[in-house]
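A short write-up of the structure that comes next.
Naming: A, B, ... by sequence-line order, numbering from 1 per chain. The shown structure was predicted, so the numbers you read here are calculated from the model rather than taken from an experiment.
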There are 2 protein chains.
Amino acid sequence: MKVSNAVLKDTFGFTDGILPAACPSRTVLDHVTSKWGVLIIVALSTSEMRWSELREVVQGISEKMLAQTLRTLEQDGFVLRVAQGTIPPRVDYSLTPLGIELSEKLLPLMDWIAVNATGILSRD
Amino acid sequence: MKVSNAVLKDTFGFTDGILPAACPSRTVLDHVTSKWGVLIIVALSTSEMRWSELREVVQGISEKMLAQTLRTLEQDGFVLRVAQGTIPPRVDYSLTPLGIELSEKLLPLMDWIAVNATGILSRD
DNA sequence: CGGTATCCCCCTCGATACTG
DNA sequence: CAGTATCGAGGGGGATACCG
């Protein structure tokens, strides 16, 4: 974990606090760790998906939040939206190369949580 | 990324949706990706810290949220709180072994965000 | 099918004041 | 120093209705 700490200290400027209060990293972190951001990225990491598929796979998400989160992830360059000009409409969402990079950081975390979650919450 | 996907599908039951709506993983994910959770974990990953140090290092956090987030992380078993019985009071916070495991999943993500954040937000 | 638009509740979060 | 208590604003986010 040498590189990690090096980058952490150098880039975050740890002596000035972990992530200066108003810095781009905080904003990106907020986007990624928004209520639905991680789940959508992970969902798309398995395969490209249509709007209706995302709604099913990301259980519990409302149409509003699906749209809102997808827009943010799209603007950040993590997600690619491709509307086929067909009728009825069909729109495919997929991860960009940047999104794939991000998902590679997220998947180990999700794995670990999935494995440990029950044990974690079963304490008092 | 074989293991990752395997565990992802097996544990998350991807065919039933990514993380069933009401499952322990969702709760842990919410705790970890709460507004301040990641920042506190990362801060403590460098060294044990006192309350006042955390307030300085995690810039912008209020006392209320610091207390609240620390309690949650403590209950989840990520953070250890040790109150020295001294006067004036002194309380040390550190990561538990479980918290260290978690931080090892979080640090690569933070690194990546720190490196890429500016580029990400600089697009339209 | 793949979204917007609107309403509005609730819950997070910050600010302030107080305490052992 | 290390918190707790309380209040109140804001916006995240759900429900519903509507649209191309």
_Where protein sits on nucleotides 2-14 of chain C, one letter per nucleotide: B base, S sugar-phosphate only, - none, heavy atoms under 4.0 Å_ = SBB--B-----BB

*Can you tell me if Ser103(B) uses its side chain to pair, donor with acceptor, with the backbone of Leu106(B) under 3.5 Å?*
no

*For the pair made of CD1 in Ile87(A) and P in dG20(D), what is the distance, rounded to whole Å?*
13 Å

*Taking atom P of dG3(D) as reference, at what distance in whole Å does atom CD of Glu56(B) sit?*
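It works out to 15 Å between those atoms.
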
*Can you name the one residue among Asp76(A), Thr72(A), Thr69(A) that meets side chain to side chain donor-acceptor pair (under 3.5 Å) with His31(A)?*
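Testing each of Asp76(A), Thr72(A), Thr69(A) against His31(A), the sole residue satisfying side chain to side chain donor-acceptor pair (under 3.5 Å) is Asp76(A).
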
*Same cluster or not: are Val91(B) and Ile41(B) linked, directly or through other Ile, Leu, Val, Met, Phe, Trp or Tyr residues, by side-chain heavy atoms under 4.5 angstrom apart?*
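In one cluster with Val91(B): Ile41(B), yes.
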
*asked:* Same cluster or not: Leu80(B) versus Met49(B), using hydrophobic residues (I, L, V, M, F, W, Y) connected whenever any side-chain heavy atoms lie under 4.5 Å apart?
replied: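 No: no chain of side-chain contacts under 4.5 Å links Leu80(B) to Met49(B).
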
*Would Leu95(B) and Val79(B) count as a side-chain contact (heavy atoms from CB on, under 4.5 Å) if you check the C-alpha gap in whole Å, the side-chain angles of each, and the deciding distance to 0.1 Å?*
CA-CA 5 Å; Leu95(B) 292 184; Val79(B) 165; 4.2 Å; yes

